[in-house]
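All figures in this text were calculated on a predicted structure; none of them were measured in a lab. Protein chains get the first letters and strands the later ones, always in sequence-line order, with residue 1 at the start of each.
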Protein chains: 2
Amino acid sequence: MTIKQDQIIKTALELFAKEGFHATSTGKIARMANVSEGLIFRHFVNKEGLLEAILNQGQQTIQAIFENIAKIEDPKKIIEAIIELPFMIHPDEHNYWRLLYTLKWQQKKYDRVGVDFLMTVATDAFEKLGYENPTAEAEVLEMILDGAATVILLKGNRYESEVIIKAIKEKYSKQ
Amino acid sequence: MTIKQDQIIKTALELFAKEGFHATSTGKIARMANVSEGLIFRHFVNKEGLLEAILNQGQQTIQAIFENIAKIEDPKKIIEAIIELPFMIHPDEHNYWRLLYTLKWQQKKYDRVGVDFLMTVATDAFEKLGYENPTAEAEVLEMILDGAATVILLKGNRYESEVIIKAIKEKYSKQ
DNA sequence: TACATTTGTAAGTGATTACTCACTTTTATG
DNA sequence: CATAAAAGTGAGTAATCACTTACAAATGTA
């Protein structure tokens with residue numbers, strides 16, 4: 001990975017996340033990354049290839065986080081850790097998550113294998129906690145996470161996260 | 001509103017929702033709507049104008065639904081009605097909602113005034129129900145709605161909605 | 001019927017798009 | 001140091017983009 005290759009990925013991620021994949025031209029990426037346009041195609045074959053390189057790079061970080069949660073033994077602590085996830089997104093990772101959330105709505109699927117895995121972990125935890133319908137509970141939890149991440153990515157995480165986290169956790173402490 | 005004008009709006013909505021605004025060309029819209037490309041610009045000035053016409057048309061339906069909920073007097077029934085909302089989206093309206101959800105992530109804002117209004121209604125209801133932090137509760141509810149709508153629009157509403165709705169409602173029945 | 005307005009078309013327009021290619025510069029390796 | 005491979009450039013390319021324009025057909029109105 002050369003310096004220029006890194007510059008391309010970094011500025012492309014920012015532009016794809018903020019302005020959208022189709023609204024971002026390879027010319028603009030090159031200009032902002034201080035790189036000739038041809039270099040993008042030398043390294044990533046085409047625009048789609050650049051996108052995939054960005055996604056692959058981010059996937060590794062996510063994988064690690066999710067696997068750490070799966071290692072937790074206490075099911076109650078697992079649910080709590082999952083609830084906290086969206087609120088722990090580092091500002092440096094915002095562009096990556098924003099990109100993922102925009103791509104979700106695209107025809108072509110760039111599947112995030114991680115989320116499905118996390119939901120089986122959640123289902124398992126809910127089962128151990130004696131929930132009546134663990135699958136439905138996991139689905140609801142996924143909805144909450146999805147909504148929370150959306151709010152955080154769009155509005156920023158400036159409001160009091162603790163109050164929100166507390167309100168959510170309370171919904172899983174009555175049983 | 002002529003027949004061809006209606007055809008343009010209908011096919012543009014479908015393409016914008018499924019493939020994205022920037023990924024959809026006016027030429028493709030015209031071809032699929034069996035209309036000359038020039039007619040789009042005759043009626044809607046430019047591509048952006050076509051998008052706004054689509055959004056304005058849909059806004060009216062939403063407004064009516066939200067105002068009906070605000071009329072409910074029992075605060076508990078208000079929360080329940082709001083929870084049910086995403087699950088009541090008619091398949092005919094999927095494209096419109098899908099378009100709204102993709103536009104959320106765009107730089108340029110096309111604000112949906114309705115949601116903010118609905119959240120003040122929810123905050124008010126939570127207050128009457130004696131919740132400790134009504135604002136936070138409304139925010140969490142918005143997250144759940146947002147996540148629920150996302151799942152429904154992306155995966156379809158084929159799974160057992162009743163079980164999910166029940167699981168969510170239970171989280172608001174303990175107080 | 002006369003004629004003005006609206007609706008619709010087809011063939012353009014320049015600008016921009018993703019991508020190529022011939023070429024130069026830098027780096028790695030023996 | 002020699003030389004091959006990799007990295008990088010910049011000026012192309014055809015295709016597509018949103019949009020215009022000159023004109024024809026349909027419709028409304030008196």
Side-chain angles (χ1 to χ4, degrees), chain A residues 1-57 95 98-100 102-103 105-110, chain B residues 1-58 95-96 98-100 102-103 105-110:
Chain A
M1 179 79 71
T2 60
I3 301 165
K4 299 220 166 185
Q5 208 168 344
D6 209 60
Q7 281 172 336
I8 292 170
I9 285 191
K10 215 182 151 193
T11 62
L13 169 56
E14 188 172 335
L15 288 172
F16 286 167
K18 288 185 178 163
E19 308 190 359
F21 178 74
H22 288 285
T24 305
S25 68
T26 51
K28 190 173 184 181
I29 295 169
R31 238 176 294 123
M32 284 188 62
N34 267 323
V35 147
S36 70
E37 198 176 352
L39 192 59
I40 293 175
F41 298 92
R42 157 123 302 150
H43 282 311
F44 307 102
V45 184
N46 51 33
K47 199 181 167 187
E48 192 98 7
L50 172 55
L51 175 61
E52 271 160 23
I54 291 170
L55 294 179
N56 287 339
Q57 194 177 275
N95 279 339
R98 221 185 136 108
L99 177 58
L100 279 190
T102 59
L103 290 177
W105 299 95
Q106 220 101 24
Q107 201 83 312
K108 175 142 187 221
K109 282 284 164 286
Y110 302 92
Chain B
M1 179 79 71
T2 59
I3 300 167
K4 299 220 166 186
Q5 207 168 342
D6 209 60
Q7 281 172 338
I8 292 169
I9 285 192
K10 214 181 150 192
T11 63
L13 170 56
E14 188 171 335
L15 288 171
F16 287 167
K18 290 186 178 164
E19 308 190 359
F21 178 74
H22 288 285
T24 305
S25 69
T26 50
K28 191 173 183 180
I29 296 168
R31 239 176 294 123
M32 283 189 63
N34 267 323
V35 147
S36 70
E37 197 176 351
L39 193 60
I40 294 175
F41 298 91
R42 158 125 300 152
H43 281 310
F44 307 102
V45 183
N46 52 32
K47 199 182 167 187
E48 193 97 7
L50 172 55
L51 175 61
E52 271 159 24
I54 291 170
L55 294 178
N56 288 338
Q57 195 178 276
N95 279 338
Y96 175 71
R98 221 185 135 108
L99 176 59
L100 280 188
T102 59
L103 289 177
W105 299 95
Q106 219 100 27
Q107 200 85 310
K108 173 139 189 226
K109 282 281 164 289
Y110 302 91

Inset, instruction - Ignoring backbone atoms, test whether B:K4 places a side-chain nitrogen or oxygen under 4.0 Å from the OP1 or OP2 oxygen of C:dT9. - result: yes
Legend entry - Non-neighbouring partners of B:E52 that pass salt bridge (charged side-chain N to carboxylate O under 4.0 Å, His left out), sequence neighbours left out: none
Legend entry - Pairing of B:K10 and B:E14 as salt bridge, 4.0 angstrom limit: no
Whole Å only: how far is the [atom1] atom of [X] from the [atom2] atom of [N]?
| X | N | atom1 | atom2 | answer |
| --- | --- | --- | --- | --- |
| B:F44 | D:dT20 | CZ | C1' | 18 Å |
| A:N46 | C:dT17 | CG | C1' | 14 Å |
| B:E48 | D:dC17 | CD | P | 17 Å |
| A:H43 | D:dT9 | NE2 | C1' | 12 Å |
| B:I40 | C:dA11 | CD1 | P | 17 Å |
| A:M1 | C:dT27 | CE | P | 18 Å |
| A:I9 | D:dA7 | CD1 | P | 13 Å |
| A:Q5 | C:dT26 | CD | C1' | 15 Å |

For a quick test of reading the model, state the closest non-hydrogen atom pair linking [X] to [Y] and the distance between them.
| X | Y | result |
| --- | --- | --- |
| B:Y96 | B:I54 | CE1-O, 4.1 Å |
| A:L50 | A:I40 | CD2-CG2, 4.2 Å |
| A:N95 | A:A17 | O-CB, 3.2 Å |

Legend entry - Candidate nucleotides D:dG10, C:dT7, C:dA18, ranked by approach to the side chain of B:L39 - the nearest: C:dT7
Legend entry - From C:dC19, C:dT7, D:dT9, nucleotide with atom closest to A:F41 side chain: C:dC19
Legend entry - Side-chain (A:K109) to main-chain (A:Q106) donor-acceptor, under 3.5 angstrom: yes
Legend entry - DNA chain C contacts made by residues 16-28 of chain A, counting heavy atoms under 4.0 Å: A:T24, A:S25, A:T26
Legend entry - First encountered from the 5' end of DNA chain C, between B:I3 and A:V45: B:I3
Inset, instruction - Calculate, to the nearest 0.5 Å, the distance between atoms CZ and OG1 belonging to B:F44 and B:T26 respectively. - result: 12.5 Å
Inset, instruction - Drop me the distance from A:F21's CZ to A:Y110's OH, to the nearest 0.5 angstrom. - result: 5.5 Å
Legend entry - Sugar-phosphate or base contact per nucleotide [nucleotides 22-29 of chain D; S, B, -; heavy atom under 4.0 Å]: --------
Inset, instruction - Indicate whether the side chain of B:E19 and that of B:T24 have a donor and an acceptor atom separated by less than 3.5 Å. - result: no
Inset, instruction - Quick one: label B:E37 by what it contacts on the DNA or RNA (base, sugar-phosphate, nothing), any heavy atom closer than 4.0 Å. - result: base
